[in-house]
Amino acid sequence: MTAMTDLVARSNRLGAEPHITNYAGGNTSAKGTATDPVTGEPVELLWVKGSGGDLGTLTERGLAVLRLDRMRALVDVYPGLDREDEMVTAFDYCLHGTGGAAPSIDTAMHGLVDAPHVDHLHPDAGIALATAKDGEKLTKKIFGDTVVWVPWRRPGFQLGLDIAAIKAANPTAIGCILGGHGITAWADTSAQCEKNSRWIIDTAQAYLDAKGKKAPFGKPRAKFVALPAEERRAKAAALAPTIRGIASHDRPMVGHLSDDVRVLDFIASAKAPALAELGTSCPDHFLRTKVKPLLLDLPAGASVEASIQRLRELHEQYRADYTAYYKAHADADSPAIRGADPLIVLVPGVGMFSFGANKQTARVAGEFYLNAINVMRGAEAVSTYTPISDAEKFRIEYWALEEAKLQRMPKPKSHATRVAFVTGAASGIGKAIATRLAAEGACVVIADLDLAKAQAAAAELGSTDVAIGVQVNVTEQAQIERGIQDAVLAFGGIDIVVNNAGLSLSKPLLETTEADWDLQHDVMAKGSFLVSKVAARVLIDQGMGGDVIYISSKNSVFAGPNNIAYSATKADQAHQVRLLAVELGEHGVKVNGINPDGVVRGSGIFASGWGANRAATYGVAEDDLGKFYAQRTILKREVLPEHVANAVAVLTGPDLSHTTGLHIPVDAGVAAAFLR
C-alpha cells in the first residue's frame, strides 16, 4: 500500500499551498499492485482523489479505487464525445473494494495516462499561461518539449484520451498546460511527480516575474484606492447587510469579507472593469464564483447611501445579464436556472464580499476569486487574459453531471444560512442556545461581557466558520454596535437575535435599593431594547426577515416573593416582545419570547447568588433547589438550559414561520404563570 500512502502524503502537501491548487480543486493519483481478496492474486489498481474531495485534507477514505484493467478497457466501449458523460457511470463498474469515494470526472485522465503517478492541479501561474491569448506559444517558449500545450476541452473521458496520446507522442515531456484550465504532470515515482508539478509551477511563475509587466492591471485609479483600515471596516459594515440582501434575492446566503491588498489593488486598477466583465476561466473558479462578479462603479469615497442606491441598480442589471446568459446557452435538457444573483461583489476602497450556502463556502468562494485575480495578473503581465467562452462556461456550470452532484448533496439543516447573535452566551441558557443553533446549521456570534469566555465558548462550537466570540456589555450602545458590526463583518449579516443576557438580585421591596433596581433594568430591559434597536437596522437593510427572541421569565406574569426588581424588568421585556412584533412585522421580522422557570443547573444567574437567595426564601437546601422547583410544577420535571434552547430552535425554525408576538412557557407547568 506504499503507493496509496505516498499519494495521500503528496496530495496533502500540494493541497496545503493555495497558489498550487484551490480548496477541493485538482486531483492526484497513483497506480500500484494489491492482492485481490477474492482470488488471492495480484491486481493492478488506480487510486485517485474522489469526487468533491480536497487535496489538503485528503485521507484514504477520500480515494476512489478502481481496477486498472477494467478502467482501461472502457476505451473499447467509449461511445464518442457526444456521449462521454456516460463514462462517469461506467467508472462505477470498475471499482475495487468497498468504502471508497465516488470517481470524479477526471478519473479518465489519471487512468489512461501511461504513468504510475499523475497530478492535475490548478496553480495560479499555470492557469495564467493557460488563459493567455498566446498561451500555446508561451508554453513552447518557456518549456520547450518538456511541457506540452493541450487545447481547451471540457473535463471528461475524451480529455483523458487526448492527454494520454500527447504523452505517448512526447516521450520526454513531464506534463502539459491545459488551455483555459490548469496543468497536469506525471512521473514514475510519487516524489518525482510532485517534483515535476512544482517545477512546472515554479518555472511558469519565474517567467511571469522576470518577463511580466510591472503594472499588468494598468495604473491605479486615484479615487478607487483602498480606504484607511478603520474607515474601510466601517463602510464595509454599513454596506454588508444590503449586499447580503442582494446576494440572497433568490436564496439565502452567508457572507465573507476580504480586504486582501491584492483584492483592493485589483479593484482600484484601470483594467478592473474590463477584466471583471470577462469573468473567470478555470471551471473550479467559476463554479464557485459564478461567471463574473458584480463590481460597484463608484469611487471609494462615495457615500454609503449613494453606494447602496447604485448597488441596487447594478444588481438589477446583473440579474438581467445572467438571465440573458442562461437563455442564450440553455437548451431543452438544461437544468433550471440556479439563481441570478452575484456570489462575488467588489467594492472600491472596501474589498470583496463573497457568498455561499455556509461560511466556509463563502470564504472559499472569495479565495477562488483571489486566485482568479492572480491568474488575470499573470496573463496580463505577459499577454492578454483570454478566458474560455461563455458558451463553454455554461456547458460546465449547467452540466448534467454537475447538476447530479448538487442533487446528491445532503439536505440543509433547519438553520442553514442563518446567523444568530446571542447575548450572555458564554454560559448557562445562552450557551445552550448557541450550541443548539450551531448544531442546526446556524453561524453563531457569542456575545458576552467576558471576551475570553465568549471566545472559548465559540471555539467549543468549531472554527470561526461556525462561531465567533465578541465582548458586549448590553448596557452600553457603543459596545453593542461594535458587537453587531463584528457579526456583520464575520458572516455578512444577522438573522436571529436572542436577548438572553441577564442577572438577578433576590430581595424584598424594602431591601431593594435604587442601585439594585437600576442595575437589573439596565441589563435586561434597557439592554434588550438597545440590542434589538441596533440589530433591527441590519435586519431591515437585509430585507430577509429574521427573528428576535427575548428570554423573559415565568416571573414576567407571576408575582413571586422577594424579587420586585427582577420580575418588573422581565415584565418590561415581555411587553417589548409585543411592541416589536407589531413594529417589525412589516419587515418580515418575527419577535417572540420564552418564559423559563427554575433553570438551576448550568445557570450563571443561580450560580452567582440568586440560587442561594431563592433557596433561603423557600426554606430548602441550595443543592435541592432544582428538585424543589420541579416538584411545584404540573409535570414534576426539572427545567434545564437545553429545554430553553429547544424552544428557541423551534421559534426560529421553519415550522413556526407565521408565529410572532408569542410567549412560550418553558417551566414544566406553573399554573399561576399560565398566559391569559
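- A side-chain hydrogen bond (donor to acceptor under 3.5 Å, both in side chains) with H110 is found for exactly one of D119, T28, T184, N27, namely N27.
- With ring centers used as reference points, Y23 lies 6.0 Å or more from F368.
- Salt bridge status for E136 with K140: absent, with no side-chain N to carboxylate O gap under 4.0 Å.
- In the model, D134 has a side-chain atom that pairs as donor or acceptor with a side-chain atom of S383 under 3.5 Å.
- One finds no salt bridge joining R436 and E642 here, because no Lys/Arg side-chain nitrogen approaches an Asp/Glu carboxylate oxygen to under 4.0 Å.
- Aromatic pair H122/H285: ring centres not closer than 6.0 Å.
- Taking the charged nitrogens against the carboxylate oxygens, R198 and E17 do have a contact shorter than 4.0 Å, which makes a salt bridge.
- Ion pairing between a basic and an acidic side chain is recognised when a charged N comes within 4.0 Å of a carboxylate O; D465 and R363 show such pairing.
- Between D547 and R418 there is a salt bridge, since a side-chain N of the basic residue sits under 4.0 Å from a carboxylate O of the acidic one.
- Salt bridge status for R338 with D250: absent, with no side-chain N to carboxylate O gap under 4.0 Å.
- A salt bridge does not link R395 with D331: every distance from a Lys NZ or Arg NE/NH1/NH2 to an Asp or Glu carboxylate oxygen is 4.0 Å or more.
- Residues K49 and D106 are not paired through a salt bridge, judged by the lack of any N-O separation under 4.0 Å between the basic side chain and the carboxylate.
- Counted by atom type alone, D85 and W399 present one or more donor-acceptor pairs between their side chains at under 3.5 Å.
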task = In sequence, state the C-alpha distance, the side-chain angles, and the governing distance for W199 and F143, and then conclude on ring pair (Phe, Tyr, Trp, His ring centres under 6.0 Å).
result = CA-CA 10 Å; W199 181 83; F143 299 106; 5.8 Å; yes

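- We find that K292 and D321 are joined by a salt bridge, their nearest charged nitrogen and carboxylate oxygen being less than 4.0 Å apart.
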